[in-house]
Amino acid sequence: ERARPVLACMGANITHMGPIGAGQATKAVNQVILCGAYLGVAEGIVLAIKAGLDPEQVVGALSGGAARSWVLENRSGRMIADDYPLGFRIALHLKDLGIALDLAREVGAALPVAALASQIEAGLVAKGHGDDDNAALARAIREWSGL
């Protein structure tokens with residue numbers, strides 16, 4: 001029997017985005033949105049800890065409201081524990097953010113959060129944390145906050 005080609009995708013849906021390059025640009029948009037989500041959750045976790053709150057209780061309370069997100073539900077525990085086992089590596093996300101920032105320059109879009117995340121990630125990679133999960137953005141926020 002002949003082998004059948006296999007179509008793999010990361011999500012449940014396959015969406016045709018348009019001409020050549022549109023898929024790559026869409027991936028860049030995804031990485032920009034994710035870096036904002038990771039930074040927001042990292043800052044929120046650190047603020048909760050510094051304010052003397054139980055961060056797990058805070059996550060539980062916020063998970064049913066407007067702050068609810070995949071990052072909050074799936075990566076906040078890593079941020080609370082300050083433990084970042086391999087998931088999506090910071091070094092790979094830094095590469096992807098570079099692609100997004102290049103695209104932003106080409107089209108004239110301002111991406112201040114992505115630029116900040118890129119700088120933070122570059123610092124983490126320089127300190128030997130490139131293989132940590134992307135949630136390790138919290139490592140820098142924790143350090144800057146004296147945790």
Side-chain angles (χ1 to χ4, degrees), residues 6-15 17-18 20-147:
V6 176
L7 177 61
C9 63
M10 294 188 330
N13 299 316
I14 298 172
T15 305
M17 298 308 297
I20 292 174
Q24 178 75 9
T26 302
K27 181 181 176 187
V29 171
N30 181 68
Q31 300 307 331
V32 167
I33 291 170
L34 278 173
C35 77
Y38 274 95
L39 280 174
V41 172
E43 289 183 359
I45 294 300
V46 168
L47 181 59
I49 292 168
K50 292 294 284 191
L53 302 171
D54 176 338
E56 290 176 2
Q57 187 177 21
V58 169
V59 168
L62 299 180
S63 290
R68 181 177 159 192
S69 71
W70 185 93
V71 175
L72 182 66
E73 292 174 4
N74 294 283
R75 293 298 186 259
S76 59
R78 292 179 178 185
M79 295 177 184
I80 292 166
D82 199 25
D83 183 35
Y84 310 101
L86 183 58
F88 189 76
R89 295 180 342 166
I90 285 226
L92 288 176
H93 192 256
L94 178 60
K95 174 195 67 79
D96 288 346
L97 275 183
I99 293 168
L101 291 168
D102 287 345
L103 177 60
R105 279 188 286 279
E106 287 176 28
V107 301
L111 303 180
V113 173
L116 174 61
S118 178
Q119 290 177 345
I120 295 169
E121 289 178 359
L124 288 165
V125 169
K127 290 181 176 181
H129 300 295
D131 288 337
D132 287 355
D133 181 77
N134 204 39
L137 279 167
R139 185 187 305 274
I141 306 301
R142 291 174 70 101
E143 181 181 321
W144 299 339
S145 299
L147 292 176

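Between Ser76 and Val71, the closest side-chain pair of non-hydrogen atoms is not below 4.5 Å. Under the 4.5 Å side-chain criterion, counting only non-hydrogen atoms from C-beta, Asp82 is not in contact with Leu147. Between Leu39 and Ile120 there is a side-chain heavy-atom pair separated by less than 4.5 Å.
A distance of 10.0 Å separates CG of Asp83 from CG of Asp133, quoted to the nearest 0.5 Å. Once rounded to the nearest 0.5 Å, the distance linking CD of Gln24 with CG of Asp96 reads 7.5 Å. Here the straight-line distance linking atom CD1 of Ile141 with atom CD1 of Ile49 works out to 12.0 Å at 0.5 Å rounding. Residue Gln31 holds its CD atom at 9.0 Å from CD1 of Ile99, rounded to the nearest 0.5 Å. Between Arg75 atom CZ and Tyr38 atom OH the span is 4.5 Å, to the nearest 0.5 Å. For the atom pair Leu116 CG and Glu121 CD, the distance stands at 10.0 Å (nearest 0.5 Å).
The two atoms that bring Gly130 and Val125 nearest to each other are CA-CG2, 3.8 Å, heavy atoms only. Of all non-hydrogen atoms in Leu124 and Ala136, the two that sit nearest each other are CD1-O, 3.5 Å. Contact between Ala114 and Leu97 at its shortest, heavy atoms only, is O-CD1, 3.9 Å. For Leu103 against Ala28, the heavy-atom pair with the smallest separation is CD2-CB, 4.3 Å. Contact between Val46 and Ser145 at its shortest, heavy atoms only, is CG1-OG, 3.3 Å. For Ser69 against Val41, the heavy-atom pair with the smallest separation is OG-CG2, 4.4 Å.
Under the 3.5 Å distance criterion, the side-chain polar atoms of Arg142 are matched with a main-chain donor or acceptor of Met79. A donor-acceptor pair under 3.5 Å is formed between the side chain of Thr26 and the backbone N or O of Ala22.
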Check against side chain to side chain contact (heavy atoms under 4.5 Å, CB included), Ile45 and Val58: CA-CA 8 Å; Ile45 294 300; Val58 169; over 6 Å; no
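Checked options Arg78, Lys127, Arg139; the residue passing with Asp132 is Arg139 (criterion: side chain to side chain donor-acceptor pair (under 3.5 Å)).
Counting only residues at least two apart or in different chains, salt bridge (Lys or Arg N to Asp or Glu O under 4.0 Å) contacts with residues 41-56 are absent.
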